[in-house]
Amino acid sequence: MPATDYGVQQGFALTFGRNEPPKPRELIEIAEAGRPHRTTAAWYFWRALDLPEEKARLLVGESGRGTI
């Protein structure tokens with residue numbers, strides 16, 4: 001997980017409806033739960049910035065736990 005990548009941080013915040021992007025250490029801790037799919041998740045967070053906000057949030061579903 002490229003935790004210091006600004007696009008990944010912003011995409012994460014958008015996807016999960018957060019006002020502030022996570023700090024790199026927090027993002028790494030969160031990403032560990034997704035091992036071995038962290039690279040794919042990072043790509044989705046980065047690409048979420050190309051989507052309208054409401055569609056980006058659909059990536060995580062209603063539970064907020066995520067599907068990626």
Heavy-atom pair with the smallest gap, counting every atom of [X] and [Y]:
| X | Y | result |
| --- | --- | --- |
| Gly7 | Leu49 | O-CD1, 3.5 Å |
| Ala42 | Pro2 | CB-CD, 3.6 Å |
| Pro21 | Ala13 | CA-CB, 3.8 Å |
| Leu14 | Ala48 | CD2-O, 3.5 Å |

* Taking the side chain as every heavy atom from C-beta outward, state whether Phe45 and Phe16 have any pair of such atoms under 4.5 Å apart. =>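 Contact flag for Phe45/Phe16 side chains = yes.
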
* Could you tell me whether the side chain of Gln9 and the main chain of Lys23 form a donor-acceptor pair under 3.5 Å? =>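 No, because the side chain of Gln9 does not come within donor-acceptor range (under 3.5 Å) of the backbone of Lys23.
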
* Asked: Can you name the side chain to side chain contact (heavy atoms under 4.5 Å, CB included) partners of Glu29, sequence neighbours left out?
  -> Arg25

* Structure fact -> Residues passing the side chain to side chain contact (heavy atoms under 4.5 Å, CB included) test with Glu20, sequence neighbours excluded, are none

* Qualifying salt bridge (Lys or Arg N to Asp or Glu O under 4.0 Å) pairs, either residue in residues 40-50, two or more places apart -> Arg47-Asp50

* Asked: Is a salt bridge present between Arg35 and Glu32, judged by a nitrogen-to-oxygen distance below 4.0 Å?
  -> yes

* Just how far is it from atom CD1 of Ile30 to atom CZ of Arg38, taken to the nearest 0.5 Å? -> 13.5 Å

* **Spacing of His37 atom NE2 and Met1 atom CE [to the nearest 0.5 Å]** =>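 If we round to the nearest 0.5 Å, His37:NE2 and Met1:CE are 12.0 Å apart.
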
